Amino acid sequence: MKVGFIGTGNMGNPMAANLIKAGHQLTVHDLRREAAINLLEMGAEWADSPKEAVPGNEVVLTSLPVPRDVEAVVQGENGILEGAAEGSIYVDLSTNSPTVIRRLHQVCADRGVIMLDAPVSGGTYGAAAATLAVMVGGDEDVFNKVKPTLDAIGSHVVYCGPIGNGSVCKICNNLLSMGIGVLMAEALTLGVKAGVDLAVLADAIANSSGGSKRLTEKFPRFLFKGNFEPGFATALAAKDVRLATDLGREYGIPMELSNLVDQRHVEAMFRGWGPEDSDAVARIQEEKAGVQLRLPE
Ligand code: NAD
């Protein structure tokens, strides 16, 4: 399939690489050309703007930081809609606001462009291994048409219902992931302070009812190594928690604990840790407890 791919950052780059490896022909664009060099070496073509990444491609994908980036790339000057023809398919892989997604879907539909939301989960390591979960919202026939393409980036590509539902699933997931991260840091600093070796404690919990992927997949690659190179930037994690609490306000859902998790991310941002990996948030708890959660290599 001929695919346009916009946003070749920490997630977009390995996803685009896997699409090329699966035999798709890619046209790529990013604000930073250097973020796509390896893809160009693999045979992708470069486009100077989102608009130029669209013509001739059967599907256009975006993987961009925050909702306003997606809005700019879709509707802005030299954006996707300027290059799209009637019947073009556009899929947003970013973690986005369901409300923004539903609005953009309508803007696209008014121009005859079909939009799906398909946010992904599984980290940069899942993106590299093509084992992402992909949560798709939108027209089911269009989902079935693009699923073989999405299968090249993920091992669990699921249809979640009408437009925006993929983003709802993703935001609920990330709220849990970030919330578990905060609580996990509290539990681990407690256990270590109370005398248990971190490796023993992590193994005990990983194999018990309190275990989670945050403990077995994320912390070992980042927090436990003292590696705060993103990964998944704290600024993006803070964005996702805020998307969840905003959605809660929009729907009138009480979310007391989620707002505590939000404030912990606000504090991490205030400390200037936005560009660091989201495991940096646990350093606030490490400071409070006087315990460092590090494992020897
Ligand atoms: P990133 O910042 O590494 O990559 C985003 C890329 O988009 C950058 O290369 C940037 O230059 C480019 N970009 C920004 N604005 C642009 C524009 N107007 N036009 C063209 N390119 C533009 O971010 P990421 O970690 O790859 O995350 C991308 C999305 O995926 C986010 O929505 C994030 O929340 C989500 N996500 C990230 C992870 C993760 O582990 N990093 C996991 C799941 C989902």
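We count ligands from 1, going down the list as the structure has it; atoms in each ligand are counted the same way. Just so you know, these numbers come straight off a predicted model, no measurement behind them.
For the pair Asp117 and Lys170, the salt-bridge criterion is not met [side-chain N within less than 4.0 Å of a carboxylate O].
In this structure His265 satisfies the ring-ring contact (aromatic ring centres under 6.0 Å, His included) test with no other residue, sequence neighbours excluded. Contacts of Phe219 classified as ring-ring contact (aromatic ring centres under 6.0 Å, His included), with partners at least two apart in sequence or in another chain: Phe224. Residues passing the ring-ring contact (aromatic ring centres under 6.0 Å, His included) test with Tyr159 are Phe143, sequence neighbours excluded.
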Taking a 3.5 Å cut-off between nitrogen or oxygen atoms, can you list every pair linking ligand 1 to the protein, with distances?
| from | atom 1 | to | atom 2 | distance (Å) |
| --- | --- | --- | --- | --- |
| ligand 1 | 3 (O) | Asn10 | N | 2.9 |
| ligand 1 | 3 (O) | Asn10 | ND2 | 3.3 |
| ligand 1 | 9 (O) | Asp30 | OD1 | 3.2 |
| ligand 1 | 9 (O) | Asp30 | OD2 | 2.6 |
| ligand 1 | 9 (O) | Arg32 | NH2 | 2.7 |
| ligand 1 | 11 (O) | Asp30 | OD1 | 2.6 |
| ligand 1 | 11 (O) | Arg32 | NE | 3.1 |
| ligand 1 | 21 (N) | Leu31 | N | 3.2 |
| ligand 1 | 26 (O) | Asn10 | N | 3.2 |
| ligand 1 | 26 (O) | Met11 | N | 2.8 |
| ligand 1 | 32 (O) | Leu64 | O | 2.8 |
| ligand 1 | 32 (O) | Pro65 | O | 3.0 |
| ligand 1 | 32 (O) | Thr95 | N | 3.0 |
| ligand 1 | 32 (O) | Lys239 | NZ | 3.2 |
| ligand 1 | 34 (O) | Lys239 | NZ | 2.8 |
| ligand 1 | 41 (N) | Gly231 | O | 3.0 |

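Asn227 and Asp277 share no donor-acceptor pair across their side chains, judged by distance under 3.5 Å alone.
Under a hydrophobic-cluster definition in which Ile, Leu, Val, Met, Phe, Trp and Tyr are linked whenever side-chain heavy atoms come within less than 4.5 Å, directly or via other members, Ile114 and Met1 are assigned to the same cluster.
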